[in-house]
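Below: one structure, written as structure tokens.
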Number of protein chains: 2
Amino acid sequence: MVVTIKDVAKLAGVSPGTVSNVFSSNRAVKAELVERVRKAAAELGYEPDRAASQLRAGKARVVAVLLPDLDNPFFTSLVASIEANVRDEGFDIIVASSHGDAVEEARRLSALLAWRPAGLVIVPCSDAFVSRKLVSGGGVPFVVADRVPSHFDGEAVTVDNVGAGTQAAEHLVRLGHRRFVVAASTLRLQNIRDRCEGIEAVLAREGLASPTLIEVGLDFDTASERLGVFMEGEQQATAFIALTNFATLGILASANRSGLSVPRDLSVVGFDDYSWMHAVSPPLTAIRQPVDMMGRVIWSRLRRHIVGRSEPVADERLSCDLVVRASTASPPSVGDALRIA
Amino acid sequence: MVVTIKDVAKLAGVSPGTVSNVFSSNRAVKAELVERVRKAAAELGYEPDRAASQLRAGKARVVAVLLPDLDNPFFTSLVASIEANVRDEGFDIIVASSHGDAVEEARRLSALLAWRPAGLVIVPCSDAFVSRKLVSGGGVPFVVADRVPSHFDGEAVTVDNVGAGTQAAEHLVRLGHRRFVVAASTLRLQNIRDRCEGIEAVLAREGLASPTLIEVGLDFDTASERLGVFMEGEQQATAFIALTNFATLGILASANRSGLSVPRDLSVVGFDDYSWMHAVSPPLTAIRQPVDMMGRVIWSRLRRHIVGRSEPVADERLSCDLVVRASTASPPSVGDALRIA
DNA sequence: CGATTTACGTAAATCGTTTTACAGAATTTC
DNA sequence: GAAATTCTGTAAAACGATTTACGTAAATCG
């Protein structure tokens, strides 16, 4: 039905082996034959069957990506970045979502591993990273991204989360804020705990009270709801730090609903950096993760393993930067004085 | 190296064929043997090799998805929806981006087709859909999503774009707006032209002037820039309709930069519906595409072809709905009267 | 009860490539 | 110029699963 290597071989008047050599450039073929084979292949619209090729050659030109959520722009832009990097080298990517569930994660992982991919990128749905032995057993090179377990000894790519928290807190302290709220997705994730740690260290150093910690969950709806409840209650905090993009939205949404104005009544530092953050009013001050760089680093680490080098892992962490826009200002106590004067 | 069907067969004391039958349930196997095989497989951590299985069986449990841009949340949430639908039936998805370039589209398409996927979902990067013959030649069932060429006779899933435009325009007309601006990505796309058509029909019917049409491109930066230039110029429009999500952001960003306030100075109807749209201030009135439903319909169409039925295509179009929030209000001329009174 | 069908296991062929083993021609080496 | 080496083509053996063909035991039938 579909055109095979034999059809091409017959049309070009050579053996299948030669056709294979032309396409895989595994062995030299005389220019004249290359020409003939190419022409025949083009004429028939031949493209080597990946399944067959991979089966025989034992190596796949495909990398698997397993994420907790395909509807979270942070993860999908990571995919976009990885895709852009791998395609240059003829790799395809196959993607799956664990929907934040460890059991499903294990299931999807087995399914992905069944493709015998050249490599795997995984953002685990929990720190436990229960699927670890599943992956290691498969003998497939893998890198864990974003959510890296505490004492992980494998290949990991993540940002300097402590530093990210530090930057956010320092910025707000500098503006004169004294009471902080931190909207974390969930403290069960190491990266989130690290971000908190960065914030707490700054506040402690400044002799300020510990921040009020709110776990807002992993999607917008619950984040929005939980923060709404909080804001309705009596509270004097003026500085809000979000530790994920959905937490950012939750803060904004509930501030809106409570009739609080940003940055007059409260200052907000968001997490991640998306178009909407600088399109809206007020444009958001935020901690930006270097997503694009993450994708690049992930691939370079993975590739090193794929080609066989497995040097010790460098636990270098990418640094985030704080982009200051208009959602942060001095708190009312300070601001009022100015305004009244 | 990795465990094969033979290893399992040996351990379970049966033939490879039997193991295959246990896993593929192609032929009945006695309960006792099933048990033994399952146990052996579990013990060894066996998972059938997809490449081998697909090669022999001739049918793949994978669907390919080709998009213009993996960084556009509309497309990625479409992927999320498709993924959620196909995984229940044991399919995996392999995804690629054409980066909006027709040449790259053709290249990626060949690469995807080389997997001999069970089906293909494509959002073409242009109406010309130049890759069409490539796909048809492959004999792979496919559905074109979102951007469907004018007189397309294949399987297509898109929304009622004319209706979407109509709804947006009618809403604004009802509020008393008379001068319209439409921020379209590019008029070279049929879906965008349809949305425009819906708007123009309403304005014509109401005896209003045609809208000012601005082509803002396909990403946020150019959208924001082009609209900025426009807003700086003298203009009396009060009603802004965005025809894509990036156009929506572009309008917001440039209104902000020009110091215009929404909805006091101008009303905005956005396109698509994301969390940020109801988190920000003012929450955005927008046309919502039923992304989730689109994914479902795409898969059901595709599956029908995969299992062999190829009934005539129903050119049913999904309808969008207008969700009214706070970015639209009566225009200054009307509003002022009230405010002054 | 003998004949026929059904149930179910195994051996071997097969899918479309890549790769190995071999061979003749061309080239290099001494 | 003979021997050794390189170049480049073909035939055939893999890769790991599925499927076909076949055989034996059990079940069903008249």
Side-chain angles (χ1 to χ4, degrees), chain A residues 1-38 40-41 44-62 90 110-111 113-118 138-139, chain B residues 1-38 40-41 44-62 90 111 113-118 138-140:
Chain A
M1 176 156 124
V2 80
V3 34
T4 81
I5 204 171
K6 285 186 196 160
D7 303 321
V8 178
K10 195 172 300 173
L11 181 58
V14 298
S15 76
T18 301
V19 177
S20 171
N21 284 327
V22 168
F23 277 89
S24 63
S25 39
N26 260 343
R27 269 184 45 180
V29 175
K30 277 227 185 105
E32 185 218 337
L33 286 196
V34 171
E35 174 77 12
R36 250 162 56 201
V37 169
R38 283 249 134 78
L44 299 175
Y46 169 74
E47 184 92 13
D49 182 310
R50 304 286 291 236
S53 144
Q54 150 162 356
L55 171 60
R56 180 59 240 244
K59 48 186 171 238
R61 293 184 80 73
V62 59
S110 300
L113 256 20
W115 287 99
R116 315 283 184 250
Chain B
M1 175 156 126
V2 80
V3 34
T4 81
I5 203 171
K6 283 186 197 161
D7 303 322
V8 178
K10 196 172 301 172
L11 181 58
V14 298
S15 76
T18 300
V19 177
S20 171
N21 284 328
V22 169
F23 277 88
S24 64
S25 41
N26 260 342
R27 267 184 48 179
V29 175
K30 276 226 186 103
E32 186 219 336
L33 287 197
V34 171
E35 174 76 12
R36 251 162 57 203
V37 168
R38 283 250 134 77
L44 299 175
Y46 169 74
E47 185 91 13
D49 182 309
R50 307 285 295 230
S53 144
Q54 150 162 359
L55 172 59
R56 179 59 240 246
K59 46 185 173 241
R61 294 184 81 73
V62 58
L113 257 19
W115 287 100
R116 317 282 184 251
V140 173

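Chain A is the first sequence line, chain B the second, and so forth, proteins listed ahead of strands; every chain is numbered from 1.
Under the 3.5 Å distance criterion, the side-chain polar atoms of R61(B) are left unmatched by any main-chain donor or acceptor of R50(B).
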*Report the C-alpha separation of R36(B) and E32(B) in whole Å, then their side-chain angles, then the decisive distance to 0.1 Å, and conclude whether the side-chain contact (heavy atoms from CB on, under 4.5 Å) test is met.*
CA-CA 6 Å; R36(B) 251 162 57 203; E32(B) 186 219 336; 3.1 Å; yes

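Residues V19(B) and V14(B) share a closest heavy-atom pair of CG2-CG2, 3.8 Å. The two residues D7(B) and V3(B) have their closest heavy-atom pair at OD2-CA, 3.4 Å.
Atom CG in N26(A) sits about 15 Å away from atom P in dA21(C), given to the nearest Å. Summarising the geometry, the separation between NZ on K30(B) and P on dA27(D) is reported as 8 Å, rounded to the nearest angstrom. Spacing between atom CG of D7(B) and atom C1' of dG16(D) amounts to 10 Å, rounded to whole angstrom units. Distance, K10(A) NZ to dG16(C) P: 12 Å, rounded to whole Å. If you take CG of D49(B) and P of dC15(C), they are 18 Å apart, rounded to a whole angstrom. Rounded to whole Å, the distance from CZ on R36(B) to P on dT10(C) is 9 Å. Atom-to-atom, CZ of R116(B) to P of dA17(D) comes out at 21 Å; the value is rounded to the nearest Å. In this structure, CZ of R61(A) is placed 17 Å from P of dT17(C), rounded to the nearest angstrom.
Across all strands, T18(B) comes closer than 4.0 Å to base atoms (heavy-atom distances). Using a 4.0 Å heavy-atom criterion, one finds that S20(A) contacts the bases of the nucleic acid, with or without backbone contacts as well. When heavy atoms are screened at a 4.0 angstrom cut-off, G17(A) is found touching base atoms of the nucleic acid. Backbone-only contact: V29(A) has heavy atoms under 4.0 Å from sugar-phosphate atoms and none from a base. Counting non-hydrogen atoms under 4.0 angstrom, F23(A) reaches nothing in the nucleic acid. No engagement by R50(A) is indicated, since no non-hydrogen atom pair under 4.0 Å with the nucleic acid exists.
Below the 3.5 angstrom threshold, one finds a donor paired with an acceptor across the side chain of R56(B) and the base of dT18(D).
At least one side-chain nitrogen or oxygen of Y46(B) sits closer than 4.0 Å to the OP1 or OP2 atom of dA17(D). Residue S15(B) places at least one side-chain N or O under 4.0 Å from the OP1 or OP2 atom of dT10(C).
Base pairing analysis places dT5(C) opposite dA26(D); the two distances defining the Watson-Crick or G-U wobble pair are each below 3.5 Å.
Interatomic distance, S15(B) OG to L33(B) CG, rounded to the nearest 0.5 Å: 9.5 Å. To the nearest 0.5 Å, the span separating OG on S53(A) from CH2 on W115(B) amounts to 8.0 Å.
When distances are taken from the side chain of R27(B) to each of dG9(D), dT10(C), dT18(C), the shortest belongs to dT10(C). Considering only side-chain atoms of A52(B), the nucleotide from dT19(C), dG16(D), dT10(D) that sits closest is dG16(D).
With the nearest nucleotide of DNA chain C identified for both N21(B) and L55(A), N21(B) has the one nearer the 5' end.
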